[in-house]
There are 2 protein chains.
Amino acid sequence: MKKRRIKLEDIARKLNISIATVSRALDKNPRVKLSTQKKVLETAELMGYMPNQIAKSLSSGKTNIIGVIIPRYDEPFFIEVCRGIDHYAREHNYKILISSSRNSFEFERENLMSFEKGLVDGIILSPTHETETFTHIRSIIKKGIPVVLFDNIKEEVSGADHVLIEDDKASFSAVEFLIKKGRKKIGFIGGIKEKKVFQDRFKGYLDAMRAYDIPIHEELILHCSSLERQFEDNEIQHFFNTINTTPDAIFTCTDNYGLLTMKTLLKMGYKIPEDISVIGFGDLGLGNIFVPSLTCVSQPNFEMGEKAAELLIAQFNESNEFNHVKKVIKLKTNLVERDST
Amino acid sequence: MKKRRIKLEDIARKLNISIATVSRALDKNPRVKLSTQKKVLETAELMGYMPNQIAKSLSSGKTNIIGVIIPRYDEPFFIEVCRGIDHYAREHNYKILISSSRNSFEFERENLMSFEKGLVDGIILSPTHETETFTHIRSIIKKGIPVVLFDNIKEEVSGADHVLIEDDKASFSAVEFLIKKGRKKIGFIGGIKEKKVFQDRFKGYLDAMRAYDIPIHEELILHCSSLERQFEDNEIQHFFNTINTTPDAIFTCTDNYGLLTMKTLLKMGYKIPEDISVIGFGDLGLGNIFVPSLTCVSQPNFEMGEKAAELLIAQFNESNEFNHVKKVIKLKTNLVERDST
DNA sequence: TACAATAATACAAACGTTTGCATTTTTTAA
DNA sequence: TTAAAAAATGCAAACGTTTGTATTATTGTA
């Protein structure tokens, strides 16, 4: 009843040749006669032969799969990066296996462990905000599995490549832009303080304010404490309802914060950008739809993924994985000016 | 230099027992003495043993991986479904391997072929709009690989389970809602005509209009012809710039169309919902941020994924995969009323 | 026509597990 | 104490490939 899978042996038997020859013929190995190759290819096609990837992997020690661990699925940033990884990977005959660490260090470790079981040839990982120690990553590297880290890297890991955005510089430029537009009371809305990228973006904000001698109103600074959309929304609404100073500009650390900020301000009756300018961070498509459209820092997310994949695959091809020289790639951002400033 | 992976043999040698016993001990098979089991577990831990997933798969004939093929990554709908699949899958010890068919029938076929190589135990697929014939899917099923289809299914495939939304009913209700609110000149904005879900949503619109004897203005009907954000945007803007009749409501087939519609109408100076009501479809989070927030049909996307995974894993456990009785699951939607109506 | 050189093919081990069956060891009961 | 029963362990095949080396077949050359 159940159709058995066709394997090399079946082809070999039918043609009265050895399995080795069939294997080589399918590989177009010049060691087999052309006429034999032709026969084999035809018979394979005829019998509906499909190579067994698992057996291949076991034999070759390569699975051609890249493991990717991201903090969450439902963030366009990570999806864009994954698209970039996938794009480069596919061109080089790799598939990607994505796992979410759900913003939890424990899950991150678990996922990493599960990738230790030989299913993947290497790993691309973006640490969660909870990730403070990196021994789990070092331990993977020690086992000879190549690793590339991207975004939100609190601690450099020798032996792993890094791909990151110049977050501080990017936010410096964004705030500088507001200052040059004549804004004086510039607020800041960032994310949880534990996350490195938010720390850096905050630093850029402070640096810019100081560089131009603009007084900083502590009251106009908010670090959202949640990672969930609804709560962020509440926090931002609450923030604007309680401050006494009215800002003339707000620099926010994500597109989403920017949009939520605009939404709140519009509902309160402010005009954007006349009364208050708003800047976001990320440029993930939505900023363009909102009315007014959101000026923001644009990150090369897709390229980030491509670069990460490139570095990883380059590691695969290094002769000795234990004296890998760490590479750190910093990607540039640019400011996209729209209607909110 | 290079640390070799620890394998069963290494543990066996160290403890002077057989590989079989080690294998069984790690499985906590009651056939091995408890004291032996303990020794093995300790030694495995000590030596840093990690099972080889590939070898396990080859031996057992199961990879515990589910292949997922979606038309594109950068659509929140598919991401949500994938999250649902992943959620259910993980709970049942499966991983998911996602491939994008990039809205191309050819890529869909290619992806399917690549999944035929034994890497996955089963496949969950959402057909592209280009997919007219289903022989490629039938051929996979014939090989004994379980398949579940979701969303946008033009033709039922015997042997595969289906998970779908009652698109026509959903849009019927949405339009009915507008009618009951007293709207008369109700426009329709849908997607490419080749896509089954858009056909169904259009049908629901027509059905509702006819059911309530509302005259249909052909001029107020737009089928977007592109699948790319910018072009959709252009098409919608162009649409409103050229129509002579002013609608008092627009039913759109996606959240994105809804948002783009609102954006365009707001820019033209219309008030929403006073002058024109707008309804979207999907409820993918953005509708809540926009001002005014978007009323829309809410789909259970996450659940759709969970259900698909559930059906697939149920197929794995069926005794004979060749007399599988097709299951068709239809999921219900509900209308979420917000400020745009 | 014979012999080396070369081309084509075959053999068998290896990849790291699982598992049915055989064997050995231990326990139980007469 | 001894045989049978039960428990614990071991052997070896199997999963479907790849690949180094051995073998056989086919050339070319003197």
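Numbers restart at 1 for each chain; the letters A, B, ... are given by sequence-line order, proteins then strands.
- You'll find that the side chain of B/Y49 is closest to C/dT17, out of D/dG16, C/dT17, C/dT18.
- If you check every strand for non-hydrogen atoms under 4.0 Å, B/N16 touches sugar and phosphate atoms only.
- Of all nucleotides listed (C/dA10, D/dG16, C/dT9), C/dA10 comes nearest to the side chain of A/R24.
- Among the nucleotides D/dT9, C/dT17, D/dA12, the one closest to the side chain of B/K33 is D/dT9.
- B/L8 places its CG atom 12 Å from the P atom of C/dT19, with the value rounded to the nearest Å.
- With distances taken from any side-chain atom of A/L58 to the nucleotides D/dT18, C/dA10, C/dG16, the minimum falls on C/dG16.
- Nearest to the side chain of B/I19, among D/dT17, D/dA12, C/dT18, sits C/dT18.
- Taking atom CD1 of residue A/I6 and atom P of nucleotide D/dC15, one finds them 14 Å apart after rounding to whole Å.
- A ring-centre distance under 6.0 Å is not found for A/Y88 and A/Y94.
- Outside the 6.0 Å centre-distance limit, the rings of B/H129 and B/F105 are not counted as a close aromatic pair.
- Across D/dG10, D/dT17, C/dC11, the shortest atom-to-atom separation from the side chain of B/A20 is found for D/dG10.
- A/I17 comes within 4.0 angstrom of the backbone, heavy atoms only, and of no base.
- Listed nucleotides D/dT17, C/dC11, C/dG16 differ in distance to A/S18; the shortest reach to its side chain belongs to C/dC11.
- The side chain of A/T21 has C/dT9 as its nearest neighbour among C/dA14, D/dG10, C/dT9.
- Centroid-to-centroid, the aromatic rings of B/H162 and B/F150 stay 6.0 Å apart or farther.
- For A/V32, taking side-chain heavy atoms from C-beta onward, the closest of the listed nucleotides D/dT9, D/dT18, C/dT9 is C/dT9.
- Considering only the side chain of A/T36, C/dA8 comes nearest among C/dA8, D/dT18, C/dG16.
- To the nearest angstrom, P of D/dT18 lies 14 Å from CD1 of B/I54.
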